[in-house]
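Structure, as structure tokens:
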Amino acid sequence: RRDVTVKSDRWVTDLYTVDSLLGKGKFGEVKKCQERDTGRQLAAKFIEVNGPQDRNDVLNELEIMKNLQHPRLLQLYDAFEIRDKFCLVMELVNGGELFERVINDDFILTEKACVMFTRQICDGIAFMHTQNILHLDMKPENILCLTREGNRIKIIDFGLARKYNPKDDLRVLFGTPEFVAPEVVNFDPIAPATDMWSIGVVCYVLLSGLSPFMGESEQETLSNVTLAQWDFSAEEFDSISSEAKDFISKLLVKDPRKRMKSSECLEHQWLRRSVKREGHLP
Ligand code: ADP
Ligand code: MG
């Protein structure tokens, strides 16, 4: 276990060589970097802060990453703060966003690959839920592949993650319309089930390349979400197994109390399929 404390007496460039851009999100710009002392290849997320609320958000992301040690969750390596900037140094994940696999027409995502991805996603999220932490931003941009060809992934971006206490009445108003759960849109209490909805959407997208709630406008998308209006009528689902459909049907349920939990997902027929043949992932 690596105990990371934020360094404020020097900046990332004092200890690391910063390289090319890996990706951009809403809050951060992520660049490849190399630790000078060890030659280790890592990723540096640069976040600008405007005011104390922003700063608290970054400190929250840091605190959450520190507390989550799991092979399916991106690990923190080092952290820096100067003036109005933070830099989080993290493991480097080389295979690109899972999102790219979905939109890449040359690369057909087989159902077997989807099982592999979904099992790992549920594994990582189940661990977070045992630690009483909600991810709250599950989508294919926040899931990275370890290699270009392989089927191993890591969950990233704990920027919206929250500590969760079942006794608290936690409500949030953020996320990505296509992936966000109805209780978020309605500003109702959220729970671990809120992540499970998003996993249901991710799974739907992986299997079909289609987004179940996408409307002509953001307003329409959000309205489709709150109505929990979706189906398997697209022809992309003709060749998909009934177990896969059952799995999604148990996640895209409007009432969060009736949704399958992360631990139950791992016991579902669809994810138990071929575990024996492929073995468990390291
Ligand atoms: P934001 O909070 O702004 O959404 P993310 O943490 O999601 O920032 O990072 C933005 C993008 O940068 C990701 O979608 C991904 O493409 C890339 N990225 C993030 N972390 C890594 C990493 N450890 N290794 C490789 N690429 C990364
Ligand atoms: Mg992101």
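Read the numbers this way: they start at 1 and go in the same order the structure lists the ligands and their atoms.
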*Under 3.5 Å: N/O of Gly28 near N/O of ligand 1*: yes
*Of the protein's non-hydrogen atoms, which lies at the shortest distance from atom 7 (O) of ligand 1, and what is that distance?*
Asp157 OD2, 2.9 Å
*Does the side chain of Lys32 pick up a donor-acceptor pair with the side chain of Ser20 at under 3.5 Å?*
no
*What closest approach, in Å, do Ile190 and Val172 show between heavy atoms, and which atom pair accounts for it?*
CD1-CG2, 3.8 Å
*For Ala43, atoms of ligand 1 separated by under 4.0 Å from a heavy atom*: 22 (C), 23 (N), 24 (N)
*Relative to the ring of Trp230, is the ring of Tyr204 parallel (under 30°), tilted (30 to 60°) or perpendicular (over 60°)?*
perpendicular
*So, does Asp168 use its side chain to make a donor-acceptor pair with the main chain of Leu170 at under 3.5 Å?*
no
*Could you tell me whether Phe27 and ligand 1 have an N or O pair separated by under 3.5 Å?*
yes
*atom 27 (C) of ligand 1: which of Val89, Thr176, Leu144 has the nearest heavy atom?*
Leu144
_Out of all atoms in ligand 1, which are within 4.0 Å of some heavy atom of Asn142? Include the element for each._
7 (O)
*Who's closest to atom 12 (O) of ligand 1 heavy-atom-wise, of Ala44, Gly23, Gly95?*
Gly23
*Ligand-residue contact atoms, ligand 1 with Leu22, heavy atoms, under 4.0 Å*: 25 (C), 26 (N)
_Qualifying salt bridge (Lys or Arg N to Asp or Glu O under 4.0 Å) pairs, either residue in residues 199-217, two or more places apart_ = none
*Run the numbers for me: atoms of ligand 1, each under 4.0 Å from some heavy atom of Leu74, listed by number.*
23 (N)
*Salt-bridge contact Arg171-Asp169 (side-chain N to carboxylate O under 4.0 Å)*: yes
_Connected hydrophobic set around Trp11, excluding itself, where side chains approach under 4.5 Å_ = Val12, Leu15, Tyr16, Val18, Leu42, Phe46, Tyr77, Phe80, Ile82, Val89
_Please tell me whether Arg259 and Thr194 have a donor and an acceptor in their side chains that are separated by less than 3.5 angstrom._
no
_Those atoms of ligand 1 less than 4.0 Å from some heavy atom in Glu97_ = 13 (C), 14 (O), 15 (C), 16 (O)
*Starting from atom 25 (C) of ligand 1, find the nearest protein heavy-atom neighbour and note its residue, name and distance.*
Val93 O, 3.1 Å
_SB check Lys45 Glu29 (cutoff 4.0 Å)_ = no
*Polar contact flag, side-chain donor to acceptor under 3.5 angstrom, Glu178-Ser211*: yes
_ligand 1 contacted by Gly159 (non-hydrogen, < 4.0 Å)_ = no
*Provide, to 0.1 Å, the distance between atom 6 (O) of ligand 1 and the closest protein heavy atom, together with that atom's residue and name.*
Lys45 NZ, 2.8 Å
*Over 12 foreign heavy atoms within 6.0 Å of NZ, Lys163*: yes
*asked:* I'd like to check which ligand 1 atoms, numbered from 1 as shown, lie under 4.0 Å from a non-hydrogen atom of Lys26.
replied: 1 (P), 3 (O), 4 (O)
_Suppose we measure from atom 9 (O) of ligand 1 to each protein heavy atom; which comes out shortest, and what is that distance?_
Val30 CG2, 3.5 Å
*Only counting residues at least two apart or in another chain, list the ones meeting side chain to side chain donor-acceptor pair (under 3.5 Å) with Asn142.*
Asp137, Asp157
*Has the side chain of Asn186 got a donor or acceptor atom that lies under 3.5 Å from a matching backbone atom of Asp188?*
no
*List nothing but the number: protein N/O/S atoms under 2.8 Å from the Mg ion (ligand 2).*
2
*When you check the side-chain N and O atoms of Thr221 and Glu218, is any donor under 3.5 Å from an acceptor?*
no
*For atom 23 (N) of ligand 1, what's the nearest protein heavy atom and its distance?*
Glu91 O, 2.7 Å
